[in-house]
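Here's the structure we're looking at; comments come further down.
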Amino acid sequence: MDGNDELAERFEAHRGHLRAVAYRMLGSSAEADDAVQEAWLRLVRVDAGEIGNLAGWLTTVVSRVCLDMLRSRAARREDPLGQPVLGQPDDGGSDPEREALLAESVGRALLVVLDTLAPAERVAFVLHDLFAVPFDRIAPVVGRTTVTTKKLASRARHKVAPPRASGSASSADRRVVEAFLAASREGDMEALLAVLAPGVVRRADPATLPPGVPAVSRGARAVAGEVLVLGGRARYAEPALVDGTVGAVVAPYGRLLLVLTFTIEEGVITEYEVIADPTRLRALSLSPFRSQKHEK
């Protein structure tokens, strides 16, 4: 085995970890692959024999590449909101099935919230809270002091962490929302009727509906029938906290398209709304159902 083959083999041993880091930073498998490939190109241009900790070196390089990509994205004011609601976002020709699996493994709601962070906040949070990289190693990546880097991660954590809510109510409501989404995915009319109040009201931004479907629908069978027709998007849905109460995000590949808010009384849904307007979406406070462990 020559030197290049040995170096390639060592790099491949770290590829999975590097992709995991890059995907959480970028929220796109195509861009994550680009970042990992750039790390390889930089590795072959240096003397690998002088790198004492290859895993750490590669993680630092990928993180810097991702930070540059995030800053470029922010400068172009790219917005994950406002995608065609009835279609699916184009993610640069990446494999849709793999993209969906990645989004599910990370958590769609978490990816949506990470998209709201500033580039340096996102990098600091991902490296420290999700991959346990020490702050003194993150600081050179984001170009800040260790103290400032801790503050970046803390600000990000505050945005990502769910607000304090009544645990019992949230758990019960979450089970109702999960049952609604599961029935929607499976096309199960009886299961839908079981979680919808007889007089349930469904409201929706017009952009979410095909022509001719009213913005307001009433009655369990009418609403359930619509869900069965339009419920294909439920496979991209995941429960989330919306303004501190249990709702759901619809986020193909982690890119936010819709938010669902629910009114739940006595274990059934009495009203829900489908929100797609970008201005309204930006005004919502979204949090994943996920606990974060971090340094105090």
Side-chain angles (χ1 to χ4, degrees), residues 18-32 34-35 59-60 62-83 89 91 99 102-103 105-135 137-163 238 240-244 247 249-257 259 278-296:
L18 298 176
R19 286 199 79 257
V21 171
Y23 183 73
R24 284 155 179 78
M25 288 188 183
L26 299 170
S28 159
S29 66
E31 289 184 325
D34 289 344
T59 299
T60 296
V62 163
S63 300
R64 285 174 172 160
V65 171
C66 289
L67 180 59
D68 289 342
M69 295 170 75
L70 288 169
R71 285 171 171 165
S72 177
R73 184 190 296 175
R76 295 194 304 271
R77 288 182 167 81
E78 289 183 0
D79 195 336
L81 308 181
Q83 297 274 3
D91 196 40
E99 194 79 32
L102 280 169
S105 68
V106 174
R108 299 179 191 280
L110 177 60
L111 287 173
V112 167
V113 178
L114 288 177
D115 246 351
T116 68
L117 302 179
E121 288 177 344
R122 184 166 183 168
V123 170
F125 176 82
V126 167
L127 287 177
H128 180 263
D129 284 52
L130 303 186
F131 291 95
V133 178
F135 283 119
R137 282 180 48 199
I138 302 171
V141 175
V142 295
R144 313 289 175 87
T145 65
T146 300
V147 171
T148 303
T149 302
K150 288 182 179 180
K151 291 179 181 178
L152 285 174
S154 178
R155 285 203 301 267
R157 192 178 302 123
H158 179 74
K159 296 174 184 178
V160 171
E238 177 180 293
L241 284 171
V242 181
D243 289 339
V249 295
V250 179
Y253 322 134
R255 303 300 176 90
L256 182 64
L257 293 187
V259 167
T279 301
R280 296 186 67 196
L281 290 175
R282 290 189 191 94
L284 297 173
S285 173
L286 306 177
S287 299
F289 284 103
R290 182 182 292 257
S291 62
Q292 300 294 349
K293 295 179 180 180
H294 55 271
E295 285 184 6
K296 298 295 183 182

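Residue numbers start at 1 and run along the sequence shown.
- Between Ser285 and Val242, every side-chain heavy-atom pair lies at or beyond the 4.5 Å cut-off.
- Qualifying side-chain contact (heavy atoms from CB on, under 4.5 Å) partners for Thr148, counting only residues two or more places apart in sequence or in other chains: Arg144, Thr145.
- No side-chain donor-acceptor contact under 3.5 Å links Ser72 to the backbone of Asp68.
- In terms of heavy-atom proximity, Val141 sits nearest to Ser63 at CG1-CB, 3.7 Å.
- In this structure a side-chain-to-backbone donor-acceptor pair under 3.5 Å is missing from Glu238 to Val249.
- Counting only distance, with no hydrogens or angles, the side chain of Asp243 and the backbone of Leu284 share no donor-acceptor pair below 3.5 Å.
- Side-chain atoms of Arg108 do not come within 3.5 Å of backbone N or O of Pro288 as any donor-acceptor pair.
- Listed by chain and number, the residues in a side-chain contact (heavy atoms from CB on, under 4.5 Å) with Val112 are Ala251, Leu256, Leu286 (sequence neighbours excluded).
- In this view, Ala156 and Leu117, Glu121, Phe125 satisfy the side-chain contact (heavy atoms from CB on, under 4.5 Å) rule, not counting sequence neighbours.
- Taking the side chain to side chain donor-acceptor pair (under 3.5 Å) definition, one finds that Arg122 meets it with Asp115, sequence neighbours left out.
- By the side chain to side chain donor-acceptor pair (under 3.5 Å) test, Thr149 pairs with no residue at all, sequence neighbours left out.
- Remark: Pro140 engages Arg64 in a side-chain contact (heavy atoms from CB on, under 4.5 Å) (not counting sequence neighbours).
- The nearest pair of heavy atoms linking Leu26 to Ala35 is CD1-CB, 4.3 Å.
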